[in-house]
2 protein chains.
Amino acid sequence: MRVEHIGDATLYLADCMDVLPKLGKVDAVITDPPYSSGGMMRGDRIGATSSKYQSTEHRGLYPEFGGDTRDQRAYMVWCTLWLGLALSKVTAGGILACFTDWRQLPTTTDAIQCGGWVWRGIGVWDKTEAARPQKGRFRNQSEYFVWGSSGPMIDEGPCLPGVFRYSAQSEEKHHITGKPVSLMSDMLGICGGIVLDPFMGSGSTGLAAIKTGRKFIGIERDPAYFEITVARIRAAVGQGQLFEPERAKQVQETLA
Amino acid sequence: MRVEHIGDATLYLADCMDVLPKLGKVDAVITDPPYSSGGMMRGDRIGATSSKYQSTEHRGLYPEFGGDTRDQRAYMVWCTLWLGLALSKVTAGGILACFTDWRQLPTTTDAIQCGGWVWRGIGVWDKTEAARPQKGRFRNQSEYFVWGSSGPMIDEGPCLPGVFRYSAQSEEKHHITGKPVSLMSDMLGICGGIVLDPFMGSGSTGLAAIKTGRKFIGIERDPAYFEITVARIRAAVGQGQLFEPERAKQVQETLA
DNA sequence: TGTAGGTATGAATCCGACT
DNA sequence: AAGTCGGATTCATACCTAC
């Protein structure tokens, strides 16, 4: 295990199952785990992430990522395990937001409840331009986040939207499944204090947290993506991007 | 049972379980059943204490499934029944789109698969404003439709969006849960021919179908709502609103 | 700085060829 | 062999380049 302390960020190169038990309390868990999704056939799901999620001509743009080959029952059990661990690290009334796609959405809502969280709703990320349109079908142009709380809600802070419109291509992308930093910044309005992301990937949640004046704890088991995050967060801290004024105001409102 | 024939619409005043077995083949089922959603998952009543006293390995397995969840199981069985009946009335490759809210979304995806449909995705109706914004929460400003097909897709017709943005107050409402007619018109791009709505309510699906040149079969068991639909569809047929040019073009493309 | 037009791309999916 | 793999397909949107 390797640990990097960069400004208000603490980054672990390790599996979250190993690190989570050792952490102190956090205020929110905002994360984007591997979905283990894709395809009606088993072969479509267990293939390389590049061939599962990218067009033929674009395969190989990003490094592969692991942990994306569980079948539905195993995905359910695995999510329940890490969600239960995460719950034990959250303060009373703390928030969970966990991304998923249409195929795994029902499994994810089951898992967060089996993990002990109170399910509060579904948020929508409208990507505005879709994955591979097909004739005679509705486009699956959204991803979703299932969100909940540790026990009763505190009900402080701003009212947040339930649909977020951001192009998946609009910002620098370092991961096949990377989220726009501005999407994550908006979502962070749900919490103040310390944000935990057990599946950090290329670190967009962390970058958003640091830029909006929050503390961040991130865990990633892939060394290549870990290095990308370290570099991105170092750059943000070094350039004094600690406070986007707009976001900082939001943080203060949230904490007030 | 009462039956009204108005132009290309056939409207039944009856329970859909009674009427469905007697119908001929249709091309699509587009509907908005009662969600049975209120007060179903009161996890927050137990949340504060349950996470406090449970050890990591035994924490909160199925907290929401014990006790007051009979409603949800019954909803699941009921949906499976009518969805199975509906499947038997659809041509090969026919389409189902069934509205639901965030609470019943997972149950609905299970039910359409238990009913024998192939689940193809989730669509989003972004109502753009929330019923009740609450501090420190994401707004539940969306409803969803779960859609699928009877066996393999035909893959003809236009590519449709997966997110529809329409204000819930943008048009005249005849039903508490009424959908905008323009939303339904857009969604009907998924099919041509005969559209069936077993939970017709105030008839927005039927109105959209008639206005876009499709045939419609609707079923509603509440006499008050049935009369509203009869009046709305009579007015549309009488005023010769049979073809919105834009929609009619879309229909022809779909059928081509 | 603004507009117009061309190009790249997507947390897929399906089918056929192959081992 | 209750398989496996790779290529073709689809178009709205965002971004880039030229004027």
Side-chain angles (χ1 to χ4, degrees), chain A residues 31-72 75 79 98-108 123-146 164-184 199-202 204-205 222 225, chain B residues 93 118-124 147-149 151-165 186 189-190 250 253-254:
Chain A
T31 194
D32 187 21
Y35 299 168
S36 293
S37 195
M40 310 283 280
M41 308 296 174
R42 181 175 161 274
D44 289 335
R45 285 191 298 272
I46 65 175
T49 53
S50 60
S51 62
K52 281 166 72 171
Y53 298 134
Q54 296 191 282
S55 306
T56 314
E57 67 265 41
H58 306 130
R59 283 171 194 172
L61 274 178
Y62 303 100
E64 301 287 334
F65 63 95
D68 200 58
T69 56
R70 294 177 177 87
D71 71 21
Q72 206 150 37
Y75 187 73
C79 284
C98 177
F99 274 91
T100 186
D101 71 350
W102 66 273
R103 220 183 265 283
Q104 297 290 28
L105 179 51
T107 302
T108 307
V124 176
W125 172 32
D126 177 359
K127 295 188 279 190
T128 69
E129 89 279 359
R132 293 93 192 175
Q134 286 187 269
K135 291 187 110 178
R137 305 187 180 205
F138 298 105
R139 316 176 110 194
N140 286 313
Q141 74 187 65
S142 305
E143 288 180 38
Y144 305 88
F145 61 90
V146 176
F164 298 86
R165 277 171 58 91
Y166 285 109
S167 164
Q169 301 171 19
S170 63
E171 308 193 24
E172 52 169 1
K173 211 175 153 178
H174 300 85
H175 193 291
I176 295 177
T177 71
K179 304 285 176 286
V181 175
S182 30
L183 166 67
M184 303 315 299
F199 306 96
M200 186 169 62
S202 55
S204 298
T205 304
D222 184 293
Y225 284 121
Chain B
V118 181
W119 180 29
R120 298 287 179 177
I122 297 172
V124 176
W147 74 281
S149 64
M153 294 285 298
I154 306 292
D155 282 334
E156 287 169 3
C159 296
L160 294 165
V163 177
F164 298 87
R165 282 166 55 91
D186 282 359
I190 197 71
Q250 206 173 45
E253 282 166 8
T254 307

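All values below were derived from every heavy atom in this structure, side-chain atoms included, with hydrogens, water molecules and symmetry-related copies excluded. Because the structure is predicted, anything quoted here is derived from the model rather than measured. Letters A, B, ... are given to chains in the order of the sequence lines, protein chains preceding strands, and every chain is numbered from 1.
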Non-neighbouring partners of Asp155(B) that pass salt bridge (Lys or Arg N to Asp or Glu O under 4.0 Å), sequence neighbours left out: Arg137(A)
Taking atom P of dG10(C) as reference, at what distance in whole Å does atom CD of Gln134(A) sit? 16 Å
Ser167(A) side-chain proximity, nearest of dA11(C), dT13(C), dA14(D): dA14(D)
Students often get this wrong, so: under 4.0 angstrom with heavy atoms, is Pro161(B) touching a base, only sugar-phosphate, or nothing? nothing
Involving DNA chain D, stems made of at least three consecutive Watson-Crick or G-U pairs, both distances under 3.5 Å: C:2-10 with D:11-19, C:12-18 with D:3-9
If we require ring centres under 5.5 Å and near-parallel planes under 30°, does Tyr53(A) stack on dG10(C)? no
Separation of dG10(C) C1' from Tyr166(A) OH (nearest whole Å): 20 Å
In whole angstrom, give the distance that lies between atom CZ of Arg137(A) and atom P of dG10(C). 20 Å
Between dG6(D) (P) and Lys52(A) (NZ): distance, integer Å: 15 Å
Which residues pass the side chain to side chain donor-acceptor pair (under 3.5 Å) test with Thr177(A), sequence neighbours left out? His175(A)
Within the 4.0 Å heavy-atom criterion, would you say Asp155(B) contacts the bases, only the backbone, or no part of the nucleic acid? nothing
If only atom types and distance count, is the side chain of Ser202(A) paired as donor or acceptor with the main-chain N or O of Tyr225(A) below 3.5 Å? no
Which residue, Phe65(A) or Met153(B), contacts DNA chain C at a nucleotide closer to its 5' end, judged by nearest heavy atom? Phe65(A)
Whole angstrom is fine here: how far is it from CZ in Arg120(B) over to C1' in dT13(C)? 9 Å
Distance, rounded to the nearest Å, where Asp71(A) contributes CG and dA2(D) contributes P: 17 Å
With sequence neighbours left out, write down each residue that passes side chain to side chain contact (heavy atoms under 4.5 Å, CB included) with Asp126(A), or none if nothing qualifies. Thr128(A), Gln141(A), Val163(A), Arg165(A), Val163(B)
Nearest-nucleotide comparison on DNA chain D, the residue closer to the 5′ end among Lys135(A) and Arg165(A): Lys135(A)
Is there a donor on the side chain of Asp32(A) or the base of dA11(C) sitting less than 3.5 Å from an acceptor on the other? yes
Considering only side-chain heavy atoms of Asn140(A), which listed nucleotide, dA11(C), dT13(C), dC11(D), is closest? dT13(C)
Judged by atom type as modelled, is there a donor-acceptor pair below 3.5 Å linking the side chain of Trp119(B) to the main-chain atoms of Gly121(B)? yes
Looking at dA11(C), I'd like to know if its phosphate oxygens (OP1 or OP2) sit under 4.0 Å from a side-chain N or O belonging to Lys173(A). yes
Sequence neighbours excluded, which residues qualify as side chain to side chain contact (heavy atoms under 4.5 Å, CB included) partners of Pro34(A)? Phe65(A), Asp68(A), Trp78(A), Phe199(A)
Kindly indicate whether the side chain of Tyr166(A), heavy atoms from C-beta on, has any atom under 4.5 Å from the side chain of Trp125(A). yes
Is it the case that the base of dA14(D) and the side chain of Lys127(A) share a donor-acceptor contact (distance under 3.5 Å, atom types as modelled)? no
Partner set under side chain to side chain donor-acceptor pair (under 3.5 Å) for Tyr35(A), not counting sequence neighbours: Asp32(A), Glu143(A)
Find the distance Glu156(B):CD to dC14(C):P and express it as a whole number of Å. 15 Å
If you compare every side-chain N and O of Thr128(A) against the phosphate oxygens of dA14(D) (OP1, OP2), does one of them come in below 4.0 Å? yes
Nearest-angstrom distance from the residue atom CH2 of Trp102(A) to P of dG10(C): 20 Å
